[in-house]
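All values reported here derive from a predicted model rather than from experimental measurement.
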Amino acid sequence: MLLQTQWAVLLASTLACVVTTIGIWVISRHERAGRAYSAYFMCFAAGVLISVSLLHIIPKSLQMNARAPFFLLAGFLFTHLSNRFLNAYVCHRTQGSEAASGIVPTLGIGLHSFIDGIIFAVTFNVSILTGVLAATGMVLHEFPEGIVTFVMLERGGFSRRQSVLYAFLAAAISTPLGTVISLPFVSRISTSALGAMLAFSAGVLIYVGATHLLPAVEKENRRFSLLALLTGI
């Protein structure tokens with residue numbers, strides 16, 4: 001059973017890496033199509049991440065750890081403060097450099113993708129169902145994430161080839177890297193600690209869905225975005 005879980009985790013994180021890479025390839029080769037459909041991927045992913053977190057992951061974490069709400073809040077605040085730090089402190093230290101506008105969001109996406117890899121390890125170790133539900137939204141939101149990372153780097157003055165390489169390193173390969181590093185430790189911890197990590201993961205997922213993906217989609221005002229969101233839910 002443990003071996004099956006490990007293979008499932010590695011498969012899911014590798015799939016996330018592949019989907020991100022496809023997003024990078026599409027935007028670098030077919031910019032118009034990538035921009036046209038990325039919003040719908042983001043809406044669908046947001047619907048999955050928010051509903052799965054509220055209806056499945058949080059109740060499951062409460063069964064495993066009575067203090068889960070504190071870790072849920074910690075996960076949400078950690079993601080928020082990490083983004084604030086990268087956008088405020090790092091950007092302030094590097095202001096005046098044209099590349100800063102591309103590097104800062106890329107660092108944030110890289111950190112987020114690395115944490116995604118850890119979330120894969122945590123959710124699949126709770127149960128295969130929990131892992132699959134969380135992975136559905138996480139994998140789908142990797143496609144627009146690859147697109148966004150490439151666009152940010154290119155706008156920051158990097159060449160097309162550099163943007164592809166750096167986007168791959170930050171947004172794609174960092175996810176399986178997070179999984180490989182965390183998996184040996186996650187599979188050995190107690191039920192209570194796993195519940196705490198699951199709640200923390202839910203806080204991260206809710207932030208990504210409600211605070212990161214949905215506001216970005218609302219700015220584009222796509223015609224069928226609400227339908228894509230409801231389909232994800």
Shortest non-hydrogen contact from G117 toward T179: O-OG1, 2.8 Å
T130 side chain to H56 side chain, donor-acceptor N/O pair below 3.5 angstrom: yes
Spacing of L214 atom CG and S225 atom OG [to the nearest 0.5 Å]: 9.5 Å
Hphob cluster co-occupancy, F143 + M138, side-chain heavy atoms under 4.5 angstrom: yes
Donor-acceptor pair, side chain of S13 and main chain of P176, under 3.5 angstrom: no
Contact summary for V139 and V19, nearest pair of heavy atoms: O-CG1, 3.4 Å
Heavy-atom side-chain proximity of L62 to P69 below 4.5 angstrom: yes
G178 versus F114, closest heavy-atom pair with distance: CA-CE1, 3.5 Å
In one Ile/Leu/Val/Met/Phe/Trp/Tyr side-chain cluster, 4.5 Å: L49, L129: yes
side-chain contact (heavy atoms from CB on, under 4.5 Å) between V180 and L10, worked out: CA-CA 8 Å; V180 170; L10 293 173; 4.2 Å; yes
ILVMFWY cluster, V52 and V122 together (side-chain gap under 4.5 Å): yes
Taking every non-hydrogen atom, the tightest pair across S174 and G110: OG-O, 3.8 Å
V204 and I119: CA distance, side-chain angles, deciding distance, side-chain contact (heavy atoms from CB on, under 4.5 Å) verdict: CA-CA 9 Å; V204 175; I119 292 174; 3.9 Å; yes
Derivation and outcome, side-chain contact (heavy atoms from CB on, under 4.5 Å), residues L226 and L229: CA-CA 5 Å; L226 181 59; L229 174 66; 4.3 Å; yes
Side-chain donor-acceptor contact under 3.5 Å, S192 with N65: yes
Whether Y166 and F158 hold their rings parallel, tilted or perpendicular, with breakpoints at 30° and 60°: perpendicular
Stepwise side-chain contact (heavy atoms from CB on, under 4.5 Å) test for T123 and L198: CA-CA 7 Å; T123 53; L198 189 64; 3.8 Å; yes
Straight-line distance of F168 CZ to T20 OG1, nearest 0.5 Å: 9.5 Å
Heavy-atom closest contact (G195 atom, S61 atom, distance): O-CB, 3.5 Å
Nearest non-hydrogen partners of I128 and A8, listed with the distance: CD1-CB, 4.2 Å
Shared hydrophobic cluster for V132 and L55 (ILVMFWY, side-chain gaps under 4.5 Å): no
Atom pair CD (E142) and CG (D116), whose distance is rounded to the nearest 0.5 Å: 5.0 Å
Proximity of F78 and F200 rings by center, below 6.0 Å: yes
Polar side-chain atom of R160 near backbone of S28 as donor-acceptor pair, under 3.5 Å: yes
Spatial distance of atom CD1 (I189) from atom CG (N125) [nearest 0.5 Å]: 7.5 Å
Pairwise distance OG(S182) to CZ(F120) - rounded to 0.5 angstrom: 11.0 Å
same_hphob_cluster(I22, F44) at 4.5 Å side-chain heavy-atom cutoff: yes
Nearest-0.5 Å distance that lies between atom CZ in F150 and atom CD in Q162: 11.0 Å
